[in-house]
Structure formats: C-alpha cells, structure tokens
Amino acid sequence: MVSLVAVAGGPHTRGQRAERGDWSLYHRFRYEGAPGGPMGAGFAPLAYIKGNYVFIQVSPPGRPFRNAPQESEVELDNRPPDIPIGESSGPFYIVAASNRFFVIASTPGHLSVYIHDRVLNKWTELHTDATVPYARRVFGPWLATIVERWRPGDPANAESPGCDNERNWGTRLMPNVREAYACGQTTDVYIPGALTLDNLIDRRRIEIHTGQEDSEILDVRSDGLVLYRVNDSIYSAQIEGDNLSAPTLVVKDDDVPEIHWAFWSEGAVESSSATRPPTSR
C-alpha cells in the first residue's frame with residue numbers, strides 16, 4: 001500500500017514536520033510544466049472531468065492508496081464552461097497549475113489549450129501551432145511552448161532539424177542526445193525548432209525560431225529577461241513589447257544539453273564579455 005506523506009520545507013515551530021494521509025493537499029496542486037530535452041518528452045499529470053469540476057485521480061481504480069478519499073478523486077478546478085471539449089471526461093493533460101493559471105490540453109493532435117485565470121475567474125481557449133499537449137511550461141503570466149507536431153508512425157519525424165548538431169556520444173553523466181531523441185517518445189512527433197511565448201493576460205505572442213529540435217525556454221523573469229537553450233548553448237534576450245531583443249550568448253559547453261532549469265541568486269555577479277550569437281531570433 002502507498003501513503004501520501006507531506007514534509008514541511010521550512011522550520012516547524014508547532015506539531016510534526018511530516019504528516020500522512022492529508023489528500024486535501026491536492027487542492028493546492030501546483031505544477032510548472034514539463035522540461036525540454038529528449039528525456040522530458042511525454043510527461044504531464046492527467047486530469048479528468050466529472051460534473052462541474054476537474055479532478056485528479058490520486059490512486060489507481062480498484063487499488064486505493066492508504067487513507068485516500070473513497071472516490072480517489074480530488075477536485076483541482078472548476079469545469080471549463082462554454083468550451084468545446086465535447087462530452088469526454090478525459091484524460092486531459094495538466095499543462096500548468098500556478099496560483100493564478102490552471103491550463104489543460106486535450107489528447108495529442110489538437111491545437112488548443114484551455115486556460116483558467118483564477119483571478120478573473122474566466123476560462124479562455126488558446127490556439128497554438130503545437131499539436132503535442134505536454135511540451136509546455138508556465139513562467140508567471142507567460143506560457144512557454146516547444147512546438148511539436150503529433151505525427152505517429154511518420155518516417156519524416158526522424159528529419160527534425162538540428163539532429164546532426166546534437167551530441168552523438170554519451171557517458172554515465174551525459175547521455176547520447178541524438179540517440180535519445182531517436183529512441184524516445186519524440187519518434188512520434190516532428191520538432192521544427194520553434195519556441196513560443198504566450199502572455200496569458202494580454203495575449204502577446206513572441207516566437208523564437210532556433211532551427212534545432214533540442215531547444216527550450218528555461219525561464220522568463222518578471223523583468224522580462226528570457227533564457228533559452230539551443231542544443232549546447234544558452235542565450236538571453238529581453239522582452240520588448242511583443243518582440244525579443246537581439247540574443248546574447250550566455251554559455252556554450254558539452255554539458256549544456258542537460259540544463260533544463262534556471263535558478264537565480266541574490267549574490268553579486270561579475271560582468272563577462274558575453275558575445276552575441278550568429279543565429280537569427
């Protein structure tokens with residue numbers, strides 16, 4: 001049997017730091033989305049719809065976890081009203097779940113994601129060029145998408161651009177990137193080397209054309225600084241209205257393809273003589 005254990009991350013002044021069986025914690029479920037790279041493909045939590053709410057299945061049917069709710073279902077959000085999701089109860093991919101936005105997408109092959117602005121209590125539909133639902137992340141009000149197109153069984157999928165530039169050797173710490181793309185779930189998709197940023201408040205859209213399948217957006221800071229990775233290089237650029245400034249090369253190295261997150265400190269950083277890349281944005 002499996003039990004849910006919650007461990008407080010900060011110091012605990014009263015009570016126990018670890019608690020068991022509090023399945024109501026799923027009501028505050030938060031998920032920032034799936035990382036890029038060949039190993040991140042295909043992962044996203046699944047949600048279902050019943051009645052007037054969206055719920056997550058916290059244990060397999062017929063195999064309830066210890067102390068789980070009788071129905072093994074925990075409500076995450078309200079059902080999207082007036083959105084053509086049909087009569088299907090799911091599953092739907094949870095693209096992101098932040099304090100403000102709850103974003104779900106249907107099965108592969110569809111061009112839309114459905115967004116609940118929890119502050120305005122309003123559901124909207126967003127059309128994208130991506131037909132793979134899970135290759136997305138949320139950074140504040142920005143939804144970052146790796147454009148992937150669902151084409152299962154199509155031999156042309158092997159021709160996604162940039163594979164010749166990917167690392168074709170591997171070690172215990174650094175896997176063979178080209179082989180991972182060829183053998184993983186990405187064999188069902190075509191990845192043209194395009195990234196999009198959609199502002200979920202004002203609906204600005206910014207496109208980044210890298211021409212490399214192994215590309216992803218690593219962060220969008222509140223001041224508009226964008227970090228994105230293209231194969232073995234990371235670039236920074238600034239959001240200026242509905243465009244990005246010219247990118248600046250931050251780092252290029254053999255181990256960069258394994259970088260999928262960006263974390264910031266408050267320490268002082270010495271300036272460096274970073275150069276601009278000879279690539280278009």
Arg178/Arg167 under side-chain contact (heavy atoms from CB on, under 4.5 Å): CA gap, chis, key distance, verdict: CA-CA 6 Å; Arg178 188 187 307 182; Arg167 188 172 62 229; over 6 Å; no

Hey, which of Pro247, Ser215, Ser233 is the one that makes side chain to side chain contact (heavy atoms under 4.5 Å, CB included) with Thr210? Ser215

Look at the aromatic rings of Phe102 and Trp123 and report parallel, tilted or perpendicular, splitting at 30° and 60°. perpendicular

Asn52 atom CG: more than 12 heavy-atom contacts under 6.0 Å: no

Are a donor atom and an acceptor atom from the side chains of Asn231 and Glu166 found within less than 3.5 Å of each other? no

Please say which of Tyr93, Phe92, Phe55 ends up in a ring pair (Phe, Tyr, Trp, His ring centres under 6.0 Å) with Tyr48. Phe55

Within a 6.0 Å radius of atom CD on Glu75, are there more than 12 heavy atoms belonging to other residues, nucleotides or ligands? yes

Among Trp264, Tyr228, Trp142, exactly one meets side chain to side chain donor-acceptor pair (under 3.5 Å) together with Asp219. Which residue is that? Trp264

Side chains of His260 and Glu258 only: does a donor on one sit below 3.5 Å from an acceptor on the other? no

Looking at side-chain heavy atoms only, is the closest gap between Phe29 and Pro45 below 4.5 Å? yes

Between the side chains of Asp77 and Tyr53, is a donor N or O closer than 3.5 angstrom to an acceptor N or O? no

Tell me whether the NZ or CZ atom of Arg151 lies within the 45° cone about the ring axis of Tyr190 and under 6.0 Å from its centre. yes

Is a donor on one side and an acceptor on the other found under 3.5 Å between the side chain of Arg204 and the backbone of Gly241? yes

Are the side chain of Asp253 and the backbone N or O of Val256 linked by a donor-acceptor pair below 3.5 Å? no

Show the numbers, then the answer: is there a salt bridge (charged side-chain N to carboxylate O under 4.0 Å, His left out) between Lys122 and Asp117? CA-CA 5 Å; Lys122 180 180 179 181; Asp117 186 325; over 6 Å; no

Pair Glu207, Thr196: side-chain N/O donor-acceptor within cut-off below 3.5 Å: no

Could you tell me whether the side chains of Thr145 and Arg137 share a donor-acceptor contact shorter than 3.5 Å? no

Interatomic distance, CD@Gln238 vs CG@Asn243, rounded to 0.5 Å, equals 12.5 Å

Using 0.5 Å steps for rounding, measure from the CD1 atom of Ile206 to the CG atom of Asn199. 8.0 Å

Judged by modelled atom types alone, do Asn99 and Arg30 share a side-chain donor-acceptor pair under 3.5 Å? yes

May I ask you to check whether Arg136 and Thr128 show a side-chain donor-acceptor distance below 3.5 Å? yes

Check for me, please, whether Tyr114 and Leu76 land in the same ILVMFWY cluster - side-chain distances under 4.5 Å, paths through other members count. yes

Distance (rounded to the nearest 0.5 Å) between Asp214 CG and Ile146 CD1: 8.5 Å

